[in-house]
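Right, I'll just put the structure down here and ask away after.
Letters go in sequence order (proteins before strands), and every chain restarts at 1. In what follows, every heavy atom counts, from backbone to side chain, and hydrogens, waters and symmetry copies are set aside.
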Number of protein chains: 2
Amino acid sequence: MMQINTIIQGDCIEELKKIPNDSIDLIFADPPYNMQLKNALYRPNNTKVDGVDDDWDKFGSFSEYDDFCAAWLTECRRILKETGTIWVIGSYHNIFRVGNIMLNLGFWILNDVTWYKTNPMPNFMGTRFTNATETLLWCSKGEQYKKYTFNHKLMKKYNGDKQMTSVWQIGLCIGAERLKGQDGKKAHSTQKPEELLKRVILSTTKQDDVVLDPFFGTGTTGAVAKKLKRNFIGIERETDYITLAQGRIDSITEFFPEADW
Amino acid sequence: MMQINTIIQGDCIEELKKIPNDSIDLIFADPPYNMQLKNALYRPNNTKVDGVDDDWDKFGSFSEYDDFCAAWLTECRRILKETGTIWVIGSYHNIFRVGNIMLNLGFWILNDVTWYKTNPMPNFMGTRFTNATETLLWCSKGEQYKKYTFNHKLMKKYNGDKQMTSVWQIGLCIGAERLKGQDGKKAHSTQKPEELLKRVILSTTKQDDVVLDPFFGTGTTGAVAKKLKRNFIGIERETDYITLAQGRIDSITEFFPEADW
DNA sequence: TATAAAGGTGAATCCGCAC
DNA sequence: AGTGCGGATTCACCTTTAT
């Protein structure tokens, strides 16, 4: 039997393969974006931008990245229940490759949700528009699977009695919410805000459902799942992230009120 | 020599082929996204739809749509000046296929601009979030072409002295702006608001530049180009649309004040 | 102690020319 | 192709330091 509310250490694709068919209620995936950053970037005051230069974000080519995504997305589709759905978040660097692969695998796009950042980093050089969004693809297993979970009335209530749209205005994960390492610096370069995961889990799962995150990182998905009285399974390769995530989740003692709506 | 400020009647791909290399300053494309996928995606055996065995070539309709887009986008890339850029608008139905193809052709994404509709049609069934956006991909010919036109300061002024972001809140094209046929019904099913084209043309062309629209429709691109003192070339297959567009553009007598900024 | 000023920072595909 | 350097370029929000 699958163990829930635990973090599995290992390679994402290998660990996904061990999970039974049609067993997961929701998947939230925040894969590497393959940002392809080359040169350093400086602000007008000459301070250096601390960009994403993690090894896990580096791929040799589009084709390498595509193969990686096709592999983990194939497993994700296999393990999803017929009532289940998947969310994948990305930026313009990767979301068009991911979206194309998902369509090819038979996923059915229900919404392309725009995370509209209230406080994005400006474009310092004035060469482009400020990149103020990331995109979340919300998909069912296929067009024929129509009984997916969507808590329409609950989300309407959550949104002040107006139907929630596909644009979510949410700030970056900063301040007290942002996990810091012992050196006082951000523990993970791409930690997501809890409000984002709250909307994802609240809208597309029911209490006691199982939420899987194949790129668990510092465990925002697990933390929010717990606060909403859902179960989680995390897959993560790096020990440091797992330690942080486990401590974060263990220390949670209060639920979100919306958990019982 | 290319004739400007005219509408060419004919097949988009055939007419694009007649345009010389490196001759166009800006392309705005609003391609069809009617992919008619139903037959392709319904498979006889619904119980065992496993992504592993699903070669994407089996999706006949995807493949047809991809081929069509690859063909017109290839010509677009050929005719763009090295300083030129291209905008392609789409919804979640097609933009992930289009974006993937553009990347494969060597286009370099500068922004994925979100058209955030202030008055979207609600989801009446309560089965999804209200789909409130369309996506515009703004791309240069390739990573190496860095001298593309971008009127950063002008757009900052246009945006109340703050850098414009990649999220544009603009209403649907309705009311007086929406062209009606003799039967009083909307003349074109997907007429775009002028404010959208205004931002596109204002930000990425200079006065007297040539803007090409391979899916001209009722000529919003031409109308806005004229009001901004730019030149246009339209390609359109349907006589009815051409007649409407020509009349619309001919009747323009006033410029936008921003044309001389 | 309260308020103000200064400094830091966020998934970033962010310059252009001369040598 | 790589390096060096002059010059143009930023928004919201949080933390730290100064008044």
Exercise. Among the candidates C:dA12, C:dA11, C:dC15, find the nucleotide nearest to the side-chain atoms of A:Thr127.
Key: C:dC15

Quiz item: So, the side chain of A:Asp112 versus the backbone of A:Leu137: is there a donor-acceptor pair under 3.5 Å, distance only?
Solution: no

Quiz item: Using the purine O4'-C1'-N9-C4 or pyrimidine O4'-C1'-N1-C2 torsion, is C:dT13 syn (within 90° of 0) or anti?
Solution: syn

Self-check item: Electrostatic pair B:Asp30:B:Lys192 at N-O distance under 4.0 angstrom
Solution: yes

Quiz prompt | Pair assignment for DNA chain C - dot-bracket with | for other-strand partners, Watson-Crick or G-U under 3.5 Å | solution = .|||||||||....|||||

Self-check item: Heavy-atom donor-acceptor pair, A:Asp50 side-chain to C:dA12 base, under 3.5 Å
Solution: no

Exercise. Give one of base, sugar-phosphate or nothing for B:Gln163, where a contact means two heavy atoms less than 4.0 Å apart.
Key: sugar-phosphate

Quiz item: Under the 5.5 Å and 30° test, is B:Trp108 stacked on the base of C:dT13?
Solution: yes

Quiz prompt | Whole-Å distance separating the OH atom of A:Tyr33 from the P atom of C:dG10 | solution = 15 Å

Quiz item: Aromatic rings A:Tyr65 and A:Phe59: how do their planes relate, parallel, tilted or perpendicular, breaks at 30° and 60°?
Solution: perpendicular

Quiz item: Between atom CD1 in A:Ile89 and atom P in C:dA11, what is the gap in whole Å?
Solution: 10 Å

Exercise. Could you tell me whether A:Lys38 contacts a base, only the sugar-phosphate backbone, or nothing, with contacts defined as non-hydrogen atoms closer than 4.0 Å?
Key: nothing

Quiz item: Does the A:Asn119 side chain pair with the main chain of A:Leu172, one donor and one acceptor, at a distance under 3.5 Å?
Solution: yes

Quiz item: What class does the angle between the rings of B:Trp138 and B:Trp87 fall in, given that below 30° is parallel, 30 to 60° is tilted and above 60° is perpendicular?
Solution: parallel

Exercise. Kindly give the heavy-atom pair with the smallest separation between A:Thr85 and A:Tyr148, and that separation in Å.
Key: CG2-CB, 3.5 Å

Practice problem: Give A:Asn131 one of three labels, base, sugar-phosphate or nothing, depending on what nucleic acid heavy atoms sit under 4.0 Å from its own. | Solution: sugar-phosphate

Quiz item: Taking atom P of C:dG10 as reference, at what distance in whole Å does atom CG of A:Asp54 sit?
Solution: 12 Å

Quiz item: Looking at the side chain of A:Asn119, which of C:dC14, C:dT13, D:dC13 is the nearest nucleotide?
Solution: D:dC13

Quiz prompt | Side-chain (A:Trp115) to main-chain (A:Ile170) donor-acceptor, under 3.5 angstrom | solution = yes

Quiz item: For A:Tyr92 and C:dA12, what is the distance between atoms OH and P respectively, to the nearest whole Å?
Solution: 10 Å

Quiz item: If we take the C1' atom in both C:dC14 and C:dG10, what is their distance in whole Å?
Solution: 15 Å

Practice problem: Return yes if the base of C:dT13 and the side-chain atoms of A:Arg128 contain a donor-acceptor N/O pair under 3.5 Å, otherwise no. | Solution: yes

Quiz item: Which residue lies toward the 5' end of DNA chain C, A:Gln191 or A:Met125, if each is placed at its nearest nucleotide?
Solution: A:Gln191

Exercise. Using whole Å, report how far CG of B:Asn159 lies from P of D:dC11.
Key: 9 Å

Exercise. Name the nucleic acid region contacted by B:Asn111, choosing base, sugar-phosphate or nothing; use a 4.0 angstrom heavy-atom cut-off, strictly under.
Key: nothing

Exercise. Determine the contact category for A:Asn34: base if any of its heavy atoms lies under 4.0 Å from a base atom, sugar-phosphate if only primed atoms, P, OP1 or OP2 are that close, otherwise nothing.
Key: nothing

Practice problem: Under 4.0 Å between any heavy atoms, over every strand shown, what does A:Thr130 touch: base, sugar-phosphate, or nothing? Just pick one. | Solution: nothing

Quiz item: When you measure from the side chain of B:Trp72 to the backbone N and O of B:Pro214, does any donor-acceptor pair fall under 3.5 Å?
Solution: no

Quiz item: What about A:Arg43, does its side chain sit under 3.5 Å from the base of C:dG8 through a donor-acceptor pair?
Solution: no

Quiz item: Rounding to a whole Å, what distance do you find between A:Asn123:CG and C:dC14:C1'?
Solution: 5 Å

Practice problem: Can you tell me, in whole Å, how much space there is between the C1' of C:dT1 and that of D:dT19? | Solution: 12 Å

Practice problem: Remember a base hit wins even if backbone is also touched, and classify A:Trp56 as base, sugar-phosphate or nothing at under 4.0 Å, heavy atoms. | Solution: base

